[in-house]
Amino acid sequence: MTERGYHHGDLRNALLAATKKLVRERGPRGFSVSEAARLVGVSSSAPYRHFADRDAMLAAAALTGFLELEERFSQLAVLDDLTTTAARIAREYLDFAREDPARFEVMFTHGIDKAEHDELLAQTIRIQQRLEATLRRHVPESDATHRAAELWSLAHGTAALAVGGNMQHVLPENRIGELAEQTATAWARGVLADVARDPSS
């Protein structure tokens with residue numbers, strides 16, 4: 001495939017697909033911009049029309065992942081109780097990570113400062129805000145931000161361990177989803193107990 005075959009915008013998407021492929025094969029720091037260009041079939045200078053450097057390519061690929069994660073969360077049914085809601089979110093997050101580990105890895109690539117990539121930062125904030133809005137049905141307004149961060153951290157921890165293949169000593173592969181749900185459920189019960197003790201918190 002030659003550079004001549006691309007319309008404006010198509011090259012960008014092709015480079016993002018190449019980035020994810022190279023991350024899958026070599027990790028987020030194991031390739032260069034020129035290798036991505038070679039995989040797509042364009043000159044080594046062509047990617048710089050769209051991306052300043054490899055970090056910009058990784059940030060753009062991460063943004064795509066966070067957009068897809070928001071779409072997944074938007075499709076979750078509204079539930080009446082916190083325990084079921086938390087379990088559903090944790091399981092969905094785990095499933096999302098396991099479906100495409102390269103996408104998940106690039107979303108949280110070490111060394112990519114989201115503050116330097118406005119769109120990426122804004123999208124991660126939207127994910128946080130979506131979680132906060134969901135939890136406000138169950139916790140005081142003043143507590144929603146902190147509780148959403150807690151739930152995200154719990155879900156991410158299980159997902160990262162599973163994607164990294166670091167759960168074999170704990171559970172067989174087909175039971176990791178249960179662990180994600182049980183961990184989130186235990187967290188939710190603790191939150192509800194805190195609210196019951198101090199409804200004004």
Side-chain angles (χ1 to χ4, degrees), residues 59 62-101 103-201:
L63 173 60
T64 299
F66 279 108
L67 288 166
E68 291 169 351
L69 179 60
E70 183 181 21
E71 175 64 20
R72 288 284 287 271
F73 280 166
S74 73
Q75 295 174 12
L76 291 179
V78 176
L79 302 171
D80 292 332
D81 63 287
L82 180 60
T83 53
T84 307
T85 295
R88 185 76 57 83
I89 289 171
R91 183 60 176 261
E92 192 69 23
Y93 193 87
L94 174 66
D95 290 346
F96 177 85
R98 295 170 83 183
E99 281 172 12
D100 191 344
R103 173 182 60 185
F104 189 71
E105 185 174 2
V106 80
M107 287 168 67
F108 298 97
T109 300
H110 177 70
I112 299 298
D113 185 353
K114 291 180 175 61
E116 295 180 359
H117 302 278
D118 292 344
E119 287 185 84
L120 178 57
L121 178 61
Q123 181 58 28
T124 56
I125 290 172
R126 280 194 288 273
I127 299 290
Q128 169 73 16
Q129 290 173 336
R130 178 174 289 279
L131 290 173
E132 291 175 19
T134 299
L135 295 186
R136 281 193 191 97
R137 302 185 182 96
H138 310 287
V139 303
E141 171 79 23
S142 61
D143 215 17
T145 297
H146 179 70
R147 296 304 190 180
E150 287 181 344
L151 181 55
W152 192 344
S153 298
L154 286 171
H156 185 82
T158 305
L161 287 169
V163 167
N166 295 308
M167 296 292 286
Q168 298 94 331
H169 65 292
V170 179
L171 287 172
E173 185 77 11
N174 63 355
R175 294 193 58 201
I176 295 174
E178 294 176 27
L179 177 64
E181 292 179 351
Q182 290 165 358
T183 302
T185 297
W187 168 83
R189 287 172 178 158
V191 171
L192 292 173
D194 288 344
V195 171
R197 282 192 296 267
D198 183 9
S200 64
S201 64

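Quick note: residue numbers are just sequence positions, from 1. Owing to the predicted nature of the structure, the values given are computational and were not obtained by experimental measurement.
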message: Ignoring hydrogens and geometry beyond distance, is a side-chain donor-acceptor pair present between Arg126 and Gln123 at under 3.5 Å?
response: yes
message: Would you compute the distance between atom CD1 of Ile89 and atom CG of Leu79 and round it to the nearest 0.5 angstrom?
response: 8.5 Å
task: Calculate, to the nearest 0.5 Å, the distance between atoms CG and CG belonging to Leu121 and Leu63 respectively.
output: 11.0 Å
query: Which of these, Thr84, Thr83, Thr85, sits in a side-chain contact (heavy atoms from CB on, under 4.5 Å) with Thr185?
result: Thr83
- request: Report the distance from atom CD of Glu178 to atom OG1 of Thr183, rounding to the nearest 0.5 Å.
  value: 11.0 Å
message: Taking the six-membered ring for Trp, are Phe66 and Phe73 closer than 6.0 Å centroid to centroid?
response: no
message: Show the nearest heavy-atom pair for residues Ala90 and Ala184, with the distance to one decimal.
response: CB-CB, 3.7 Å
query: Is the CD atom of Glu119 crowded by more than 12 outside heavy atoms at less than 6.0 Å?
result: no
- prompt: Taking all atoms of both residues into account, what is the closest heavy-atom pair of Leu179 and Leu171, and its distance?
  reply: CB-CD1, 3.5 Å
query: Under a 4.0 Å N-O cut-off, is there an ion pair linking Arg88 with Glu92?
result: no
For the student: nearest non-hydrogen atoms of Leu192 and His138, plus distance: CD2-O, 4.4 Å
message: Measuring only between side-chain heavy atoms, which start at C-beta, is Val191 closer than 4.5 Å to Leu151?
response: no
task: Find out whether Thr158 and Leu161 are in side-chain contact, i.e. whether some heavy atom of one side chain is under 4.5 Å from a heavy atom of the other.
output: no
- prompt: Any side-chain heavy-atom pair from Glu68 and Asp100 closer than 4.5 angstrom?
  reply: no
statement: Heavy-atom nearest pair, Ala148 first then Leu131, reads CB-CB, 3.9 Å
- prompt: Is any side-chain heavy atom of Arg72 closer than 4.5 Å to a side-chain heavy atom of Asp95?
  reply: yes
- prompt: Measuring from Trp152:CH2 to Glu132:CD, what's the distance to the nearest 0.5 Å?
  reply: 10.0 Å
- request: Starting at CZ of Arg147, measure out to CZ of Arg136 and round the result to the nearest 0.5 Å.
  value: 14.5 Å
- prompt: Which atoms form the tightest heavy-atom contact between Leu94 and Ala159, and what is the distance?
  reply: CD1-CA, 3.8 Å
- request: Please say whether the positively charged group of Arg103, taken as NZ for Lys or CZ for Arg, lies over the ring of Phe96, i.e. under 6.0 angstrom from the six-membered ring centre and within 45 degrees of the axis.
  value: yes
message: With rounding to the nearest 0.5 angstrom, report the CZ to CD1 distance, Arg98 to Ile176.
response: 4.5 Å
field: Residue Asp80 excluded, over 12 heavy atoms near CG under 6.0 Å
entry: no
